[in-house]
Amino acid sequence: MNITIYKSFPYQILFLLCIGVSLFANYELTFAIWSLTLLLTIKRKYSAVIIKYSAIFLLILLVAIVSTLFSRTTIFLFIRDFTYLVKPILGLLVGYQLCRFSSKLGVKVLVYTGLAIAIMHLAMLLIAVIQFRSLSVNLLREHGGYFSDYEIYILIILIFYKNLKLEIPKHQRILLIAIIGLSSFLYLARTNLIQFIILYLGLKGYLTLNKKSLKVILFVILATIVGYTAIVYINPKREGKGIQAFLYKIKIAPQEAFKTKIDKDDWKDFNDNYRSFENIIAVNQVSAKGNRAIFFGEGLGSTLNLGRKVWTNDHEYVQYIPIVHNGYMTVFLKSGILGVIFLLIFLIILYRQRKSDFGNVQAINYLLIGSSVFLIVSNWVFLGLYLKLDNKSIIIGFLIALREVMIREHNSQKIIKNEY
């Protein structure tokens, strides 16, 4: 029996590894695999777009490095923060370099990688349920993962398969939606719900401002307010189980990341609004160190003093933390206001995609616009592209390269048609 291995197969395996490694909550392993992949897949040419996006994050990193010259730190803390701030650059380039496929195969690689991730997630959940004999939301999230941005992207691609010219049988597409949809739901992540809505609106073209899109956005806001009011009326309890625990997290969401006063001695208030607590501490600490720190940050190796030890998802008590949940505040700590401005510039540039006459290219543009809008939220509550287990930077890099492939294919078809 003859077995054919296509030239693109190693890139498919590397892509799966780079996305799948985030399931194992080991940043050192993630960074190692991404770095090795970057070295193994270096391209001869890079587009101005990917260079521009990467350069913005490089500027944030350079500001932090310069700020380090005015601070005291250790080699270990410097290297640790360097890996944190270089991660978006690494992800963008890895995603860009791994797209060595035709557009049709490239979209399929995205989809089937999502299927593999969903199956692994469901298997991890099943093992946890059998082992602990519990359907606790906290247990499932602890052992299965807290979110999966990648699976949401794939759900959107499957829903808008015609726009992206995804060629798979209907029954197979429905099965994929069922598996990946179930896996995505079982993360019980509020940010993934927001992400789905934003990307859906993006692919519909409603995130580009016009009269119709404004009406749709206003309707979505109104529906969100009504839905939230219903949840507040139901009044789910903190001690609730299953879906009630998820609804409780939705109920406290508006104040969790925006509260300005927190009673540190009230454990409920402290735990429910911990993200806001981090933001308050970050602003106070950096501001206390003067204008230089405010504008240029405290540099690599800087830490946030929480004033008490807290239990983290890494299963340890810590008082000094190098990063916080809020991506803007993390950049503010390391690179100051200047770094935050660069981060906002990236979001604006990512949002401003040129309109294309090619349907599948425009679908990619809409995905990138949706990614920009979602990153506004993601940066506030979950570190955006700086999150240690995040893989959105790889997705964005891959989409940029995939769009370039699509444009080349369309141009080639035009040349062929003109010749005949």
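Hydrogens, waters and symmetry mates are skipped; everything else that's a heavy atom, side chains included, is used. Residue numbers start at 1 and run along the sequence shown.
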Identify the two heavy atoms, one from N192 and one from Y187, that lie closest to each other, and give their separation to 0.1 Å.
-> OD1-CB, 4.3 Å

Would you say the side-chain atoms of Y112 and Q12 include a donor-acceptor pair closer than 3.5 Å?
-> no

Would you say the side-chain atoms of R403 and Q353 include a donor-acceptor pair closer than 3.5 Å?
-> yes

What are the two closest heavy atoms between L385 and N379, and how far apart are they?
-> N-OD1, 4.4 Å

Could you pull out all residues at least two apart from A64 that satisfy side-chain contact (heavy atoms from CB on, under 4.5 Å)?
-> L85, L300, K334, S335

So, E298 and Q285: side-chain donor and acceptor under 3.5 Å apart, yes or no?
-> yes

Is there a donor-acceptor contact under 3.5 Å linking the side chains of D357 and H410?
-> no

Would you kindly say whether Y46 and Q97 are connected by a side-chain donor-acceptor distance under 3.5 Å?
-> yes

Step through it carefully: locate the ring centre of Y84, locate the ring centre of Y386, and say whether they are under 6.0 Å apart.
-> no

Would a line drawn from the ring center of Y200 to the ring center of Y206 be shorter than 6.0 Å?
-> no

Does a donor on one side chain sit under 3.5 Å from an acceptor on the other, for E404 and Y96?
-> yes

Could you note down all residue pairs passing side-chain hydrogen bond (donor to acceptor under 3.5 Å, both in side chains) where residues 207-216 supplies at least one of them, sequence neighbours left out?
-> N210-S213

Where the side chain of Y27 meets the backbone of T83, is there a donor-acceptor pair that is under 3.5 Å apart?
-> yes

Distance-only donor-acceptor check, side chains N391 and D149, under 3.5 Å | no

I321 versus V324, closest heavy-atom pair with distance | CD1-CG1, 3.8 Å

